[in-house]
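Contents: one structure, followed by commentary.
A quick note: this is a predicted structure, and the numbers were derived from the prediction, not measured. The analysis underlying the following values was restricted to heavy atoms, covering all of them including side chains, and did not include hydrogens, waters or symmetry mates. Each chain gets a letter, A, B and so on, in the order the sequences are listed, and its residues count up from 1.
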Protein chains: 2
Amino acid sequence: MDMDEHGTARVIKWQDVPREQLTPTLSRKAVHGERVTLAQFFLGAGTLIPMHQHENEQCSSVIEGELEFRIGSEDADPIIVRSGEVMMLPPNTPHGVRAVVDTFVLDVFGPRREDWIAGGDQYLRQK
Amino acid sequence: MDMDEHGTARVIKWQDVPREQLTPTLSRKAVHGERVTLAQFFLGAGTLIPMHQHENEQCSSVIEGELEFRIGSEDADPIIVRSGEVMMLPPNTPHGVRAVVDTFVLDVFGPRREDWIAGGDQYLRQK
C-alpha cells in the first residue's frame with residue numbers, strides 16, 4: 001500500500017472546522033478532499049444567493065429548514081427543497097437560492113471547489 | 001443555457017429511494033449523480049464490512065451511532081468515527097469498517113460508483 005501517493009485517511013470533526021461568515025446571514029464550513037468538497041451552509045431566513053453556475057456538480061442536502069431554488073434564470077418557477085431531500089444540480093447549471101426559513105444544508109461538490117480554495121467565491125459574499 | 005448536455009436538475013426525496021438489503025444487518029440507499037454518488041448506509045450493531053478499496057475517494061459522515069475504521073490492514077489500530085465527524089478516505093485506501101452500535105452514515109464518493117451501477121458490490125453483500 002502506498003497511501004502517501006494520495007494523502008492519508010483523516011477524521012474531520014465539524015466542530016473544529018472554522019466557520020466563515022460570508023455575509024451577515026450566510027456562513028459556511030468547508031472541507032476539501034481530493035475529488036470532492038463537503039460544505040455546511042447556515043442561511044438565515046430570507047438569505048439570497050444570486051444566480052451563478054460552476055463546473056462542479058452540486059448535491060444540496062437540506063438538513064433543517066427549507067430552500068427555494070431557481071434553475072436557469074431568476075424568472076424560473078421556484079423549486080422547494082426540504083429536510084430529507086437533495087437537490088441534484090448537474091455541472092454548469094445556473095442556479096439561485098433563497099432560504100425560506102433559517103436553513104442548514106450539506107452541500108457536496110464534485111470535483112472539489114478549486115475556485116473556493118483559490119478564494120474565488122465573491123458571488124457568495126455579495127449581499 | 002444547455003442543460004440537456006449534462007442532464008437536468010432534480011430533487012431526490014430519500015424516502016422514495018429504494019432501500020437495498022445487502023446483508024441481514026446492512027442496507028443502503030444510493031443516488032448517483034454525474035460526478036458523485038451519495039449513499040445512506042444503515043448498519044446494525046456489530047456489522048462488519050471487510051477490508052476493501054476502490055478508486056473513489058470516500059467521505060463517510062456518521063449521522064447517528066459509531067463506526068470503527070481500520071485503514072491499511074485488519075491489524076491496524078481502530079479509528080473511531082462518531083456523529084458530527086467525517087472519515088475522509090483518499091482514493092485507493094484499503095479500509096474495513098465495524099459498526100460499534102446501530103449506525104446511520106451518509107457516504108459521498110467521487111467519482112461516482114460505476115462499480116455499484118454495474119452491480120459490482122459483492123464485498124458489501126458478504127457476511
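Residues meeting the salt bridge (Lys or Arg N to Asp or Glu O under 4.0 Å) test with E64(A), sequence neighbours left out: none. With sequence neighbours excluded, the residues forming a ring pair (Phe, Tyr, Trp, His ring centres under 6.0 Å) with H52(A) are H54(A), H95(A), Y123(A), listed by chain and number. R82(B) meets the salt bridge (Lys or Arg N to Asp or Glu O under 4.0 Å) test with E66(B); sequence neighbours excluded.
Considering every non-hydrogen atom in both P91(A) and R35(B), the closest pair reads CG-NH2, 3.4 Å. Residues M88(A) and I12(B) come closest through the heavy atom pair CG-CG1, 3.6 Å.
Between chain A and the options I80(B), V11(B), L106(B), the largest number of non-hydrogen pairs under 4.5 Å is found for V11(B). Of all the listed residues (L89(B), L38(B), V81(B)), the one sharing the greatest number of non-hydrogen pairs under 4.5 Å with chain A is L38(B).
Between E57(B) and V36(A) there is a side-chain heavy-atom pair separated by less than 4.5 Å.
Note that CZ of R10(A) is 11.0 Å distant from CE of M87(B), once rounded to the nearest 0.5 Å. Between the CD atom in Q40(B) and the OG atom in S61(A) there is a gap of 8.5 Å [rounded to 0.5 Å]. The CD1 atom of I71(A) lies 10.0 Å from the OG1 atom of T8(B); values are rounded to the nearest 0.5 Å.
When the heavy atoms of residues 96-105 of chain B are compared with those of chain A, none of the residues falls under 4.5 Å.
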